[in-house]
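Here is the naming used below: chain letters follow the sequence lines, and residue numbers restart at 1 for every chain. Any value given below was found using the heavy atoms of this structure, including those in side chains, with hydrogens, waters and symmetry copies removed.
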2 protein chains.
Amino acid sequence: MSKYLAMTQTQLTRELERLRDCYEGFKQRGLALNMARGKPSPEQLELSMPLLSIFSPASSSASSQTLSQTVPQTFSPASSLSPSPSDELLAGHPNDLRNYGTLLGLPEARALMADIMQVSAANVVVGGNSSLSLMYDLISQSVTHGVLGSQPWLSLSEPARFLCPAPGYDRHFAITEHFGIEMITVPMCADGPDMDLVERLANSDPRIKGIWCVPRFSNPTGVVYSEEVVNRMAALRPAAADFRVYWDNAYAVHSFEQTTVEGGVNTPALASIQTIAEQHGNPDIWYQFCSTSKITFAGAGIAAFATSEKNLKSIITRLGLQSIGPDKINQKRHVLFLPDICAVREHMARHAAILRPKFDAVLEELDRGLGPMGIGEWTRPQGGYFISFNGPVGTARRTVELAQGAGVVLTPAGATYPYGKDPQDANIRIAPTYPSLAELRQASQIFVVCICIAAAETLLSH
Amino acid sequence: MSKYLAMTQTQLTRELERLRDCYEGFKQRGLALNMARGKPSPEQLELSMPLLSIFSPASSSASSQTLSQTVPQTFSPASSLSPSPSDELLAGHPNDLRNYGTLLGLPEARALMADIMQVSAANVVVGGNSSLSLMYDLISQSVTHGVLGSQPWLSLSEPARFLCPAPGYDRHFAITEHFGIEMITVPMCADGPDMDLVERLANSDPRIKGIWCVPRFSNPTGVVYSEEVVNRMAALRPAAADFRVYWDNAYAVHSFEQTTVEGGVNTPALASIQTIAEQHGNPDIWYQFCSTSKITFAGAGIAAFATSEKNLKSIITRLGLQSIGPDKINQKRHVLFLPDICAVREHMARHAAILRPKFDAVLEELDRGLGPMGIGEWTRPQGGYFISFNGPVGTARRTVELAQGAGVVLTPAGATYPYGKDPQDANIRIAPTYPSLAELRQASQIFVVCICIAAAETLLSH
């Protein structure tokens with residue numbers, strides 16, 4: 001309970017004056033900080049630089065040559081005709097990786113992404129650089145062609161509906177809205193979506209065609225779905241035959257507790273949706289997505305999609321019309337750099353070493369600045385990219401506005417809810433990954449002051 | 001006129017026996033040849049190998065190290081943290097190329113692709129590895145959301161229609177068919193589609209929403225649209241406001257006559273659709289596509305899309321929902337490898353040096369084998385990837401079947417027409433790029449025998 005509630009009007013007014021002085025002080029520093037973007041930081045991107053020279057003859061040797069010497073303006077075809085290690089890897093591959101084809105992706109890349117997703121490699125398609133595009137395409141296909149022969153969603157007499165656990169990922173909501181699909185908000189609990197509500201809705205309403213899930217280190221709450229939640233999700237008996245669970249496993253291996261020793265556990269673990277759905281006789285209910293955007297390069301990683309054989313078949317038909325095959329060379333780069341799940345874990349431990357102190361810094365500032373005042377509550381994720389903050393009702397928009405005024409960009413208030421409308425105007429997504437530690441401390445301190453101002457203003461206006 | 005027409009039944013029967021003996025001889029060789037695939041050959045792919053090591057510290061230096069030495073199983077993060085030329089190029093770029101963002105593509109890649117397409121860089125979006133995906137996405141968007149506010153094609157009371165110059169590209173037809181769009185065949189002439197028919201149909205029927213064009217070295221005829229055709233296309237006054245010319249400029253710089261000197265002309269030239277459409281007060285009528293699939297790597301090139309500012313705006317809205325941005329690192333590789341249009345021309349001259357002898361070999365065999373008999377006719381393209389062959393009416397399917405029996409895979413008969421149905425059963429697409437010269441000669445000789453058998457059989461069956 002906020003200490004502000006116990007204050008007299010005079011006390012609160014005085015507190016607000018103090019906060020505003022403090023705010024003005026920050027403002028005069030002319031800062032430009034950003035806690036809005038779920039982007040890897042430059043230090044994280046550096047971890048994957050070997051990817052870029054993985055095909056070069058001297059990829060592991062140091063060199064002091066300067067750029068102007070190493071990238072000539074023109075290349076002699078003669079030099080490229082001499083055999084090199086790359087030739088073996090690429091032209092010598094059963095599919096020449098440089099050419100068209102291999103629609104489902106390189107077998108070795110499918111195996112790697114299968115391990116990350118805890119599914120069978122046979123169920124995996126590896127595509128381009130964006131899992132978001134894979135999701136978009138699946139929704140788009142359902143809208144125009146239905147799912148396994150169901151009526152196309154665009155030709156339904158009433159709009160299709162989606163369950164949207166919230167706070168959730170704004171880009172999921174944006175795709176759904178783009179296709180005119182009605183969004184129904186489902187509250188997020190500490191162990192996943194409110195499954196009583198999900199069961200009641202999905203199992204009774206044939207207009208409900210899916211649910212968006214980020215099952216591990218959920219965006220933005222950091223929640224990892226419990227085994228019970230995964231079980232209940234996989235055991236749904238939806239009224240719509242074309243209902244699917246959209247399992248966006250974007251942070252599948254993004255734990256801060258990663259251990260580097262082989263066989264080390266990733267805590268907390270997520271159950272395999274494939275295994276459990278099959279156990280429940282519900283093999284076709286899941287679509288899973290993941291990518292290396294937050295493992296290697298956010299712009300130049302590889303993305304994957306997995307589902308049952310039956311679902312996959314109809315999706316491959318569409319893929320064959322849409323694509324000449326994925327960038328297999330980039331897939332090969334990835335499997336050379338990260339040959340197996342152990343290599344992935346080791347690599348993610350390096351990310352964790354960068355990220356954990358950043359999350360700790362934000363949490364410390366929130367604890368110190370807001371804890372004693374009893375204002376707001378926030379998550380303490382063990383992985384992922386975000387902290388979810390809930391301020392007093394009716395303060396989120398004002399807080400974001402105040403922060404912006406002091407040079408701190410936050411995710412727009414409401415973004416974590418369908419249609420960008422948080423009914424409580426309380427939730428703010430904090431993204432600690434991109435800024436430096438020093439920037440984060442400063443931005444968090446400003447955030448604390450802004451929250452307090454918004455809270456005090458709200459109380460005084462009543 | 002076929003000499004077979006002048007033969008008596010007995011003479012023709014004897015000729016057929018001779019041909020079948022010859023065919024059996026080929027058959028017994030147990031060959032496995034393929035003239036079906038419009039794929040670059042391994043020698044062509046070798047031309048672009050420097051792309052792969054363009055970011056490595058020693059990209060231009062030779063190395064005799066073996067692969068096992070150069071690709072360690074694990075990488076030390078320490079080594080990647082020391083500054084390298086790549087860091088400057090990537091992290092130092094105004095957009096960190098390794099991270100999310102830059103939805104429209106790297107400015108320098110947009111400029112390069114603009115020059116290839118003869119449009120303004122401001123009108124260009126550079127995407128992933130496949131221009132086909134860009135086309136698919138555009139059609140898909142029109143189906144679900146219309147074009148600049150027009151009614152979504154899926155919700156029209158009668159199906160949308162497309163004009164399909166034929167023989168044409170089967171993948172265009174497949175996308176159109178997938179979305180239930182009715183295809184209307186328009187004959188291809190020596191200088192482009194029959195524009196009298198195109199004008200009559202497009203300017204009168206509001207259900208007609210577009211036309212597929214491969215304006216330079218058309219697939220499969222090799223036709224380059226004349227300036228008159230481009231002019232009439234750009235000057236259309238379609239009955240449908242959401243009609244667009246789908247300008248798939250896949251072979252924009254793929255002339256065999258390429259000169260390597262700066263300022264050298266690419267003959268025959270194609271007029272710029274953007275310039276001419278603007279001259280005709282029709283700025284929004286065109287969508288143009290191209291890629292480096294047949295310039296660098298067929299599987300790992302970059303693809304681009306261009307259109308008017310107004311069209312682009314609505315497309316960018318969708319792109320922003322669909323994608324986290326393209327693979328900018330691969331775009332950067334491309335602009336380092338091919339910094340400008342002159343570099344592209346030089347590079348394409350190397351392709352031409354490989355391709356021209358292959359086309360010449362096939363044409364020689366056709367000339368020698370079929371010329372004296374007066375059977376069939378075929379194109380003599382000055383660029384692109386295909387030769388279009390027209391046999392006597394009713395022989396294409398049989399020819400393809402016979403060739404297959406002797407170990408020569410050809411593009412399925414009918415593939416070059418909407419719905420896979422060639423009304424004359426006469427057209428066959430020959431793809432000379434992938435096989436070796438020796439293979440091509442052999443495959444062409446078998447093709448000649450198969451055509452003659454099919455022609456003789458057809459005459460004898462009447």
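- The candidate with the highest count of non-hydrogen atom pairs below 4.5 Å against chain B, out of A:P42, A:S155, A:P326, A:S140, is A:P326.
- Looking at B:R37, neither its backbone nor its side chain comes within 4.5 Å of chain A, counting heavy atoms on both sides.
- Side-chain contact between B:M49 and A:F55: absent, with no pair of heavy atoms (C-beta onward) separated by less than 4.5 Å.
- Chain A forms more heavy-atom pairs under 4.5 Å with one residue of B:Q44, B:R333, B:E177 than with any other, namely B:R333.
- Separating the NE2 atom in B:H178 from the CG atom in A:L321 is a distance of 5.5 Å, to the nearest 0.5 Å.
- Looking only at side-chain heavy atoms (C-beta outward), A:I324 and B:N129 come within less than 4.5 Å of each other.
- B:H145 touches chain A through its side chain: at least one heavy atom from C-beta onward sits under 4.5 Å away, while N, CA, C and O do not.
- In this structure, the side chains of A:L132 and B:S323 stay at 4.5 Å or more apart for every pair of heavy atoms.
- With a 4.5 Å cut-off on non-hydrogen atoms, A:N330 touches chain B through its side chain but not through its backbone.
- Side-chain contact between B:L52 and A:I54: absent, with no pair of heavy atoms (C-beta onward) separated by less than 4.5 Å.
- For the atom pair CG (B:L47) and CZ (A:R98), the distance works out to 9.5 Å, reported to the nearest 0.5 Å.
- Residues A:F179 and B:T144 form a side-chain contact, since some pair of their non-hydrogen atoms from C-beta on lies under 4.5 Å apart.
- Across B:Y100 and A:S293, no two heavy atoms sit closer than the pair OH-CB, 3.4 Å.
- The greatest number of non-hydrogen atom pairs below 4.5 Å with chain A, out of B:T102, B:L97, B:L154, is found for B:L154.
- When side chains are defined from C-beta on, A:F297 does not count as touching B:D327, because their heavy atoms never get closer than 4.5 Å.
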Run the side chain to side chain contact (heavy atoms under 4.5 Å, CB included) check on B:D137 and A:Q322 step by step: do they pass?
CA-CA 8 Å; B:D137 284 352; A:Q322 183 178 18; 3.6 Å; yes

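- In terms of non-hydrogen atom pairs under 4.5 Å with chain B, the most contact-rich of A:H347, A:K294, A:M135, A:Q141 is A:K294.
- At a 4.5 Å heavy-atom cutoff, the contact between A:Y136 and chain B is made by side-chain atoms alone.
- Heavy atoms closer than 4.5 Å to chain B are found in the side chain of A:D96, but not in its backbone.
- When every heavy atom of B:A298 is checked against every heavy atom of A:N99, the shortest pair comes out as CB-OD1, 3.3 Å.
- Residue-level contacts of residues 169-176 of chain A with chain B, in order of numbering, are A:R171, A:A174, A:I175; threshold 4.5 Å between heavy atoms.
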